[in-house]
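A short write-up of the structure that comes next.
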Amino acid sequence: MKESKGYRLIELAGVIAIVVILLVLIMIDNRFYYVYQSFCRIPNGVFAGIIILCMCGYFWVKKKGIRIWKKNHSINADNSVNLKLKLKLERQNLALMSVALLAIQLITAWQIYFKTGWDCGKLVQMAQEVAFSYRDIGNDLYFSMYPNNVFLVAVFAAVLRFTKFLGLNADYFPLVAIGCVLIDLAGFFMADCIRKLTKKNWIALAAWIVYIILAGLSPWISIPYSDTYSILFPVMCIWLYQNRTEKNRSLTWAFIVFFGWIGSYIKPTVLLTVIALALLEIWDFFCRFRQKEKDISLKKAAVTWAAMAVSLLLAIGINGIARHKMGVMPDETKKFTPAHYLMMGLNYETGGTYDQWDVNFSAAASSVSERNRAALAQVRYRISQMGMKGLGAHYTRKLLTNFNDGTFAWGNEGEFYWNIQEKNNGLAKALRNFYYESGTAYPLFQIIAQAAWLLVLCMIPGIFIKGKKAAEQTTAAVMLSILAIICFVMLFEARARYLFLYSPLFILAASIGFERFLEKAQPVNQTEKEMKTP
């Protein structure tokens with residue numbers, strides 16, 4: 001079918017992008033300077049070599065027909081009652097493990113959290129003033145330039161007021177705790193997606209463990225900011241898309257649009273997943289319409305679009321109420337547009353990362369149109385100055401800045417360790433020694449994080465192997481979302497931290513790739529009954 005071929009092309013495009021990234025990470029690594037360079041003590045080539053050797057060893061074992069472990073056939077897959085019971089128990093077990101992870105997260109975050117500066121500190125300080133001093137944002141210049149952060153301040157203020165109402169300490173940690181909950185939920189939805197896509201629960205469990213390393217117990221759990229507060233939304237949209245049916249299609253799309261739009265008010269890049277899903281759905285409808293399939297109904301499509309419109313208006317209304325409650329009066333002439341971030345992304349001196357000169361340059365413009373013209377003029381000038389060779393070097397440096405850091409640029413922000421809480425117990429000292437850059441065990445944390453990140457990237461190319469079934473929409477949606485975030489960080493402002501909210505999707509793609517590697521390794525005469533997941 002045409003749509004299946006289209007999904008396959010998306011998969012292959014994503015694989016090509018990941019292979020290019022891997023080649024640069026392995027061949028160049030830390031051989032020349034780039035911004036926010038992370039010096040892991042073990043080269044990427046060593047990590048990649050170990051992963052490849054392990055995969056080759058597994059292939060050899062399977063080719064020889066050697067059974068690594070004894071399979072458990074205690075539940076008959078043909079028994080629908082037992083199958084439903086098993087699936088229910090598996091989901092319950094995942095939920096229980098997620099609750100246990102949350103407890104560990106809260107304990108860890110309580111021991112290592114600190115007050116930080118940069119944008120995060122600004123938002124938390126404003127939220128505290130709004131929640132406790134009932135101060136309005138007004139026409140604060142920061143929120144005029146970055147109006148998307150107003151909604152996050154409203155969320156922070158609501159959390160602080162609620163915890164104060166409960167009589168709890170509403171100074172700072174409740175914001176950290178909510179971030180942990182959102183990260184935990186993202187891991188649950190990710191694992192559930194993997195379980196249904198691969199039909200192998202042990203792969204879902206392995207992926208969840210990798211997620212714990214990269215996100216679940218990442219030190220970023222101790223900082224309440226848009227990266228942790230938005231991580232749930234892309235993977236939730238994918239989960240909703242995966243579980244859609246003809247009966248619930250309208251309701252599913254209403255939820256996708258609502259959560260996607262709400263998430264975009266926290267982190268605009270959440271919209272990349274929503275756009276990817278919308279493009280795939282439009283393509284699917286077009287193909288089915290041309291083939292005159294019986295289940296195509298313009299009336300059903302109209303109902304779906306109406307549901308999406310209502311949910312979109314609801315999300316816009318919630319944002320409007322939040323802005324009104326915050327008393328925000330932004331100066332629309334000061335708003336930064338994509339042209340500004342495109343200009344910043346072409347700043348050779350800063351490697352396409354944040355630059356105060358670029359901010360001052362854009363802020364000096366008296367209107368949005370003037371700012372766009374000035375920014376685009378700078379874009380053309382910087383491209384002409386660099387030339388093809390310079391552009392190649394620039395984007396190579398940007399690629400390393402974005403993708404060569406399994407810690408997601410931990411510690412690479414201004415005034416990072418601004419106010420460390422005074423905790424001198426043994427657990428706090430051990431965890432800070434592991435997570436803080438000044439700690440003697442910090443290199444071990446870097447090694448573990450980098451190894452997990454490279455493992456994820458190395459497994460994604462397995463999607464190149466054609467699966468036993470036709471290409472699936474969900475896999476295409478994941479790969480299209482990953483392609484979108486890759487293009488975003490390469491075109492606009494570079495920062496490894498901007499990939500954090502998409503880490504569940506990277507792991508999801510890696511799980512699919514790994515599962516296809518396993519399919520390829522199966523002996524020709526071996527047949528295996530796969531668990532059918534509804």
Side-chain angles (χ1 to χ4, degrees), residues 6-7 9-11 13-15 17-18 148 151-152 182-183 185-194 196-197 207 211 214-215 226-244 249 251-285 304 307-308 311-312 315-316 319 338 402-403 408 456 460 463 471-492 495 497-512:
Y7 304 149
L9 286 174
I10 292 171
E11 291 178 0
V15 167
I18 295 297
N148 58 292
F151 187 77
L152 188 55
L182 294 170
I183 291 172
L185 287 172
F188 175 84
F189 284 115
M190 179 205 73
D192 197 50
C193 284
I194 294 169
K196 293 175 182 176
L197 277 172
Y211 176 77
L214 286 176
S226 56
D227 306 290
T228 54
Y229 271 62
S230 61
I231 193 172
L232 172 63
F233 297 100
V235 71
M236 178 184 279
C237 289
I238 294 292
W239 183 86
L240 288 167
Y241 186 74
Q242 184 187 32
N243 286 278
R244 76 199 185 288
R249 183 180 293 271
L251 186 61
T252 298
W253 270 103
F255 279 121
I256 289 173
V257 171
F258 177 76
F259 287 116
W261 225 264
I262 288 293
S264 73
Y265 290 133
I266 298 174
K267 197 81 169 180
T269 48
V270 171
L271 271 184
L272 296 175
T273 297
V274 180
I275 294 170
L277 295 177
L279 290 174
L280 289 173
E281 190 70 6
I282 292 169
W283 171 251
D284 175 64
F285 179 83
T304 300
M308 291 166 61
S311 61
L312 176 60
I316 293 173
N319 181 56
N402 286 316
F403 296 98
F408 298 106
V456 169
I460 294 177
I463 292 176
E472 295 182 353
Q473 286 176 304
T474 305
T475 305
V478 172
M479 293 307 293
L480 191 56
S481 300
I482 288 174
L483 270 172
I485 193 61
I486 289 172
C487 291
F488 183 90
V489 295
M490 290 301 293
L491 282 174
F492 301 108
R495 186 80 96 244
R497 177 169 57 82
Y498 297 159
L499 298 176
F500 185 77
L501 76 156
Y502 274 86
S503 59
L505 297 195
F506 277 94
I507 298 172
L508 210 167
S511 301
I512 299 168

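Taking CG of Leu499 as the start and CG of Leu505 as the end, the distance is 11.0 Å to the nearest 0.5 Å. Taken to the nearest 0.5 Å, the CG atom of Leu251 stands 10.0 Å off from the CD1 atom of Ile256. One finds the CD1 atom of Ile512 at 9.0 Å from the SG atom of Cys193 (value rounded to the nearest 0.5 Å). Atom CG of residue Leu279 and atom CD1 of residue Ile10 lie 8.5 Å apart, to the nearest 0.5 angstrom. From Phe408, atom CZ reaches atom OH of Tyr498 across 14.5 Å, with rounding to the nearest 0.5 Å. With rounding to the nearest 0.5 Å, the separation of CG in Leu280 from OH in Tyr7 is 6.0 Å.
In this structure, the side chains of Leu240 and Leu277 stay at 4.5 Å or more apart for every pair of heavy atoms. A heavy-atom distance below 4.5 Å is found between the side chains of Ile194 and Met190. Between Phe151 and Ile266 there is a side-chain heavy-atom pair separated by less than 4.5 Å. The shortest distance between side-chain heavy atoms of Asp192 and Gln242 does not fall below 4.5 Å. Using a 4.5 Å heavy-atom threshold, the side chains of Phe255 and Met236 count as separate.
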Sequence neighbours left out, cut at 3.5 Å: what donor-acceptor pairs do the side chains of residues 477-491 make with other protein atoms?
from: Ser481; atom 1: OG; to: Ala477; atom 2: O; distance (Å): 2.8

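Between the side chain of Asn148 and the backbone N or O of Tyr265, no donor-acceptor pair lies under 3.5 Å.
By the side-chain contact (heavy atoms from CB on, under 4.5 Å) test, Leu312 is found to be paired with Val257, Trp261, Ile316, residues two or more places apart in sequence or in another chain being considered. Phe403 meets the ring-ring contact (aromatic ring centres under 6.0 Å, His included) test with no other residue; sequence neighbours excluded. The side-chain hydrogen bond (donor to acceptor under 3.5 Å, both in side chains) test applied to Tyr502 returns Thr273, not counting sequence neighbours. A search for side-chain hydrogen bond (donor to acceptor under 3.5 Å, both in side chains) contacts involving Asn319 returns nothing, not counting sequence neighbours. Applying the side-chain hydrogen bond (donor to acceptor under 3.5 Å, both in side chains) rule to Thr474 yields no partners; only residues at least two apart in sequence or on another chain are considered. For Ser311, there are no side-chain hydrogen bond (donor to acceptor under 3.5 Å, both in side chains) partners at least two apart in sequence or on another chain. A search for ring-ring contact (aromatic ring centres under 6.0 Å, His included) contacts involving Phe258 returns nothing, not counting sequence neighbours. A search for ring-ring contact (aromatic ring centres under 6.0 Å, His included) contacts involving Phe233 returns nothing, not counting sequence neighbours.
Nearest approach of Ile463 to Ala509, heavy atoms of both residues: CD1-O, 3.5 Å. Contact detail for Ala186 and Tyr211: the closest heavy-atom pair is CB-OH, 3.5 Å. For Gly260 against Leu271, the heavy-atom pair with the smallest separation is O-CD2, 4.4 Å.
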- Query: Between Gln473 and Trp283, does a side chain to side chain contact (heavy atoms under 4.5 Å, CB included) hold up when you go through it step by step?
  - Reply: CA-CA 10 Å; Gln473 286 176 304; Trp283 171 251; over 6 Å; no

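Within the structure, the side chain to side chain donor-acceptor pair (under 3.5 Å) test picks out the following pairs touching residues 226-238 (sequence neighbours left out): Ser226-Lys267, Asp227-Lys267, Asp227-Arg497.
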